[in-house]
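Quick note: residue numbers are just sequence positions, from 1. On a predicted model such as this, the values are computed, not experimentally measured, just so you know.
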Amino acid sequence: MKKITVLLLLFIAVKASAQKSVLFKMKYLPQHTYNILMNMKGNIKADLSGNQEILEKLKEQGITMPLAAVISAKTTGTTKTGVLAADNSFPLAMTFQVEQPSMILNGKSTPIPMQQKPATTIYAHILSDGTIKGDSISGKKGDTTSGKSALKMMNTVQKQIKFPDHPMHVGESFTQDIPFNMPMNMGTKSVELKTVYTLVSITGGKAYFDMTQTIDMKMNVQQSQLNITGAGTGKMVYSIKDNFPISYASSINMNVNGDVSSVDVNGTFELNMDFKYDIN
């Protein structure tokens, strides 16, 4: 009886120890369905000055200073992966739909002039090294300009969370730096995003992370130049069996200043993002 008790205690100790560290890797798995719901809410407070002609036109439309706007948007999507091939690749089809955003401007509900677009489907293959090779987008060849941009974005998002190549223990942190430049019509946008992930607990087949973030963004588009800097916090929940985050929420506060068509902009921007994945 004494030996059984000792073995039982040893088993419990080993099991508890095993739950203190995990080797994490973010990757799609074959023959899985990933349903995503993404909510975004932005709270903007700004003071505009300078070009009186533009300011008068805004005033005629009921937009007075200081400006206060709350913008909400929702995106839904489904990603389905196929059967694993002999070369360890498998097909992927990702469909997503951006719903019409809403805005409350200076306390009044205000429509956003945006043409509702049909759902977009991206067809691709996950290669043996985990990278995504695009095939086509909504029936168009993958070598189109829009196709290349969308597929590049997919690879960027997947690599956004690059875990350490060794098992992480509770209390450990890792840092993800994501610098990238994005060409835009008649200009560019550069972003420096730094996120520190800290593993706070492992329980029930899930790992829980706290996040701290900093951002430095510069936009130079036609007659507009904007500088955006800020910091925030968030939380992420990672499913160990699925090798994928199932929940990601962040809140970041930013300062905005610059010049838009000879109008000086000074204000703040609070951005709240919430992702939820349902994986089958």
Side-chain angles (χ1 to χ4, degrees), residues 18-19 21-38 75-97 119-169 172-183 191 193-197 199 202 204-209 211 236-248 275-280:
Q19 291 297 308
S21 67
V22 170
L23 178 62
F24 297 99
K25 188 173 184 180
M26 181 176 172
K27 62 180 180 180
Y28 286 104
L29 299 175
Q31 294 183 282
H32 276 62
T33 299
Y34 303 78
N35 296 310
I36 185 174
L37 172 62
M38 182 182 75
T75 300
T76 57
T78 298
T79 299
K80 294 185 177 181
T81 58
V83 178
L84 188 68
D87 61 356
N88 288 323
S89 69
F90 52 91
L92 173 149
M94 176 186 291
T95 300
F96 58 92
Q97 175 71 61
T120 300
T121 301
I122 298 175
Y123 300 95
H125 273 78
I126 304 294
L127 305 182
S128 58
D129 61 358
T131 58
I132 302 174
K133 178 181 180 296
D135 298 327
S136 63
I137 298 178
S138 295
K140 298 180 181 180
K141 293 183 179 180
D143 59 356
T144 62
T145 301
S146 60
K148 285 183 178 180
S149 298
L151 293 167
K152 184 177 180 181
M153 184 72 70
M154 285 178 65
N155 271 310
T156 300
V157 170
Q158 188 191 8
K159 294 175 181 178
Q160 204 170 36
I161 305 173
K162 188 175 181 180
F163 292 100
D165 57 4
H166 61 271
M168 285 189 67
H169 291 76
E172 285 189 13
S173 301
F174 70 95
T175 301
Q176 186 74 45
D177 286 304
I178 310 174
F180 62 89
N181 293 311
M182 184 182 297
V191 180
L193 177 62
K194 179 179 179 179
T195 306
V196 178
Y197 296 85
L199 178 60
I202 303 171
K206 298 179 179 65
Y208 297 83
F209 291 84
M211 303 183 302
M236 181 178 72
V237 181
Y238 175 96
S239 171
I240 296 171
K241 71 179 180 65
D242 295 311
N243 292 117
F244 214 86
I246 57 174
S247 176
Y248 184 102
F275 296 75
K276 282 187 172 57
Y277 272 100
D278 179 32
I279 305 175
N280 301 297

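Between H166 and L23, the shortest heavy-atom distance links the atoms C-CD1, 3.5 Å. Taking both residues in full, the closest heavy atoms of L29 and K241 are given as CD1-O, 3.9 Å, listed atom of the first, atom of the second, then distance. The two residues L84 and P30 make their nearest non-hydrogen contact at N-CB, 4.1 Å. Closest non-hydrogen pair, T175 versus K194, comes out as CG2-CE, 3.6 Å. Residue S89 comes nearest to L127 through the heavy atom pair CB-CA, 4.2 Å, listed as atom of the first residue, atom of the second, then distance.
If you take OG1 on T81 and CE on M94, they are separated by 10.5 Å, rounding to the nearest 0.5 Å. How far CZ of F163 is from NZ of K25: 12.0 Å, rounded to the nearest 0.5 Å. Atoms OG1 and CG, from T33 and N35 in turn, are 6.5 Å apart once rounded to the nearest 0.5 Å. Rounding to the nearest 0.5 Å places CD1 of I202 at 6.5 Å from OG of S21. In this structure, OG1 in T121 is found 10.0 Å from CD in Q97, a value given to the nearest 0.5 Å. To the nearest 0.5 angstrom, Y28 atom OH is 4.5 Å from T79 atom OG1.
Here the side chains of L199 and F174 are not in contact, with every heavy-atom distance at 4.5 Å or above. Considering only heavy atoms from C-beta on, Y238 comes within 4.5 Å of N243 through its side chain.
Relative orientation of the F244 and Y34 rings is tilted, given thresholds of 30° and 60° on the angle between their planes.
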Q: Starting from the C-alpha separation in whole Å, work towards a yes-or-no answer on side-chain contact (heavy atoms from CB on, under 4.5 Å) for I132 and I126.
A: CA-CA 5 Å; I132 302 174; I126 304 294; 3.6 Å; yes
Q) Step by step, would you call F24 with Y197 a ring-ring contact (aromatic ring centres under 6.0 Å, His included)? A) CA-CA 12 Å; F24 297 99; Y197 296 85; over 10 Å; no
Q: Start with the C-alpha gap between V83 and Q31, add the side-chain angles, then the distance that decides, and say whether side-chain contact (heavy atoms from CB on, under 4.5 Å) holds.
A: CA-CA 6 Å; V83 178; Q31 294 183 282; 3.9 Å; yes
Q) When you look at F275 and I246, which way does the side-chain contact (heavy atoms from CB on, under 4.5 Å) test go after all the steps? A) CA-CA 8 Å; F275 296 75; I246 57 174; over 6 Å; no
